Amino acid sequence: MDFKILYNDKHSNARTGMITTCHGEIPTPIFMPVGTVGSVKGIHQRNLSEDIKARIILGNTYHLYLRPGLDVLEKAGGLHRFIRWERPILTDSGGYQVFSLADRRKLSEEGAKFHSHIDGSKHLFTPENVVDIQRSIGSDIMMALDECTPYPCEYKYADDSLKLTHKWLDRGFEQYKNTEPKYGFSQAFFPIVQGSVYADLRKQSAEKIASKGAEGNAIGGLSVGEPAGMMYEMIETVNEILPKDKPRYLMGVGTPANILEGISRGIDMFDCVMPTRNGRNGMLFTSQGIINIKNEKWRYDFSPVDEIMTSFVDTDYTKAYLRHLFIAGEMLGPQIASIHNLSFYLWLVNESQKHIKEGTFTDWKNSMVKQLASRL
RNA sequence: GGGGAGAUACCAAAGUGGCCAACUGGGGCAGACUGUAAAUCUGCUGACGUACGUCUUCGUAGGUUCGAAUCCUGCUCUCCCCA
């Protein structure tokens, strides 16, 4: 994997660049749609590549390991072939499931023991086997096993957790260096900064992560309930330390405003379930602000979902029709909403790239942030 | 014409003397969702008030009772069976 910065913004830490992988190029800053179990929920791969123009998508180690299982993925020739997606894939390690399935797992030095949410069976994830699993999946970017701490989180817990995440990182990185890809293309391995909302822990973690010399670095454990301002402070703290010439990935973030604020602080990669999950639940992100398409006020509104029309669904359908689909419980509604939201998110990062190049990013960002948060 | 059953909020449907402004579903209205156990979850849905509450409701008109959606009588309407 290779990363080149093309332009640095003069008024902020934003930058635009290009990641090159064996499955193609990824212009940054970028948003990566989440496809946990080998599917970006409700979206055909064809829509994803041709209409939404996604450059890279996510998969999840925990979910893919449980279903369909590694034997299927290996026989298929890896996840790309299995799901027929030829562009890059990044896999999360299962660290987020350590957080979201907290009542079904037990952590120890060795790793994380899970009770499957599907059939209750017991499984052990270690820093090493999570690398092996991601080798079998064949993702272009693999993530280290970490503990995504909850919020709020006691200092002592965050500190202990961080020590564990760092130990796991050392082991995972060793495993990464000592193993080979299975499908003939290279795979990168990103370590993850933790430390909850404590600046000293974040600094300590960022130094540890930077010392590994990985091809890219991630920031985790944010947007788990803390105020946005706190998240931005942590990003600033961490990005002062993380190498500037490597991509920085802010995991699980976020709202359109979060993404723009992240970009201005030097983040290059984002992923979030929000455009798809909220889209399925009737929430649309538009250039004018947030729409709850189920609201009665759209009943007779025959205008496009978004006036800037970021995808074919905006030109083909009206708000009134989309509202009707949701009210009637038609599955086309969530599909259209997901396509729109993802297109909008991709539009947002594309525009960011453009404004960074043109030197107009900060002003544009500031006006957008206000607009994006308003409720229509 | 004779016999039987029934009328409860937007709809369906519980409730058959006080725990009933009335279970539950649906519908309607609104909210939540951030490395996806989510096409999910939550709240409201007689009126007025933030709330304790107050007022008007269970076809309709009366009555019994300290107290009625619930008991009694008249009326109106609906459905079923027999002729």
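Since this is a predicted model, take the numbers as computed values, not measurements. By convention in this document, chain letters (A, B, ...) are assigned in the order of the sequence lines, proteins followed by strands, and residues within each chain are numbered from 1.
In this structure B/rC48 sits in a base pair with B/rG53, meeting the Watson-Crick or G-U test at under 3.5 Å. With both pairing distances under 3.5 Å, B/rC71 is matched to B/rG63 as a Watson-Crick or G-U wobble pair. Base pairing analysis places B/rC79 opposite B/rG4; the two distances defining the Watson-Crick or G-U wobble pair are each below 3.5 Å. When Watson-Crick and G-U wobble pairs are counted only if both distances are under 3.5 Å, B/rG31 pairs with B/rC41. Shown here, B/rC10 forms a base pair with B/rG26; the pair counts as Watson-Crick or G-U wobble because both key distances fall under 3.5 Å.
Nucleotides B/rG6 and B/rU60 are separated by 15 Å at their C1' atoms, to the nearest Å. Comparing B/rU54 with B/rU65, their C1' atoms sit 25 Å apart, to the nearest whole Å. Between B/rG59 and B/rA13, the two P atoms lie 14 Å apart (nearest whole Å). For the C1' atoms, the distance linking B/rU8 with B/rG15 amounts to 9 Å, nearest Å.
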Table of protein N/O atoms under 3.5 Å from nucleotides 41-47 of chain B N/O atoms:
none

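Proximity of A/Asn278 to the phosphate of B/rA32: no side-chain N or O atom is located under 4.0 Å from OP1 or OP2. OP1 or OP2 of B/rU36 lies within a sub-4.0 Å distance of a side-chain N or O belonging to A/Thr36. Neither OP1 nor OP2 of B/rA37 sits under 4.0 Å from any side-chain N or O of A/Arg104. A/Ser100 has a side-chain polar atom (N or O) that falls below the 4.0 Å cut-off from OP1 or OP2 of B/rA37.
Using modelled atom types, no side-chain atom of A/Trp347 and backbone atom of A/Leu342 make a donor-acceptor pair closer than 3.5 Å.
Annotation: A/Phe185 is in aromatic contact with A/His80 [ring centroid separation under 6.0 Å]. Aromatic rings from A/Tyr62 and A/Tyr65 are positioned such that their centres are separated by 6.0 Å or more. A centroid separation of less than 6.0 Å is found between the aromatic rings of A/Tyr155 and A/Tyr198.
Sequence neighbours left out, the pairs with a member in residues 343-371 of chain A that pass salt bridge (Lys or Arg N to Asp or Glu O under 4.0 Å) are A/Glu261-A/Lys365, A/Glu351-A/Lys354. For residues 26-43 of chain A, the set of pairs meeting the side chain to side chain donor-acceptor pair (under 3.5 Å) definition, not counting sequence neighbours, is empty.
Salt-bridge annotation for A/Glu233 and A/Arg202: absent, with no side-chain N of the basic residue lying under 4.0 Å from a carboxylate O of the acidic one.
Within 4.0 Å of A/Ile118, counting heavy atoms only, lies no atom of the nucleic acid at all. In this structure, A/Gln194 reaches the bases: a heavy-atom distance under 4.0 Å links it to at least one base atom across the strands shown. Note on A/Arg323: only backbone sugar-phosphate atoms sit closer than 4.0 angstrom, heavy atoms only; bases stay farther off.
Side chain of A/Gln97, nearest nucleotide from B/rA37, B/rA32, B/rG35: B/rA37. Minimum atom distance to the side chain of A/Tyr249 is reached by B/rG35, of the listed B/rG35, B/rA30, B/rU34. Residue A/Asn281 has its side chain nearest to B/rC33 when only B/rC33, B/rA30, B/rG35 are considered. Considering only side-chain atoms of A/Leu101, the nucleotide from B/rU34, B/rA37, B/rA30 that sits closest is B/rA37.
Side chain A/Asp146 to base B/rG35: a donor-acceptor pair is found below 3.5 Å. A donor N or O paired with an acceptor N or O is found under 3.5 Å between the base of B/rU36 and the side-chain atoms of A/Thr276.
Toward the 5' end of RNA chain B, the nearer of the two residues A/His63 and A/Ile327, judged by each one's closest nucleotide, is A/Ile327.
A cation-pi arrangement is absent between A/Arg15 and A/Tyr7 under the rule of less than 6.0 angstrom and at most 45 degrees off the ring axis.
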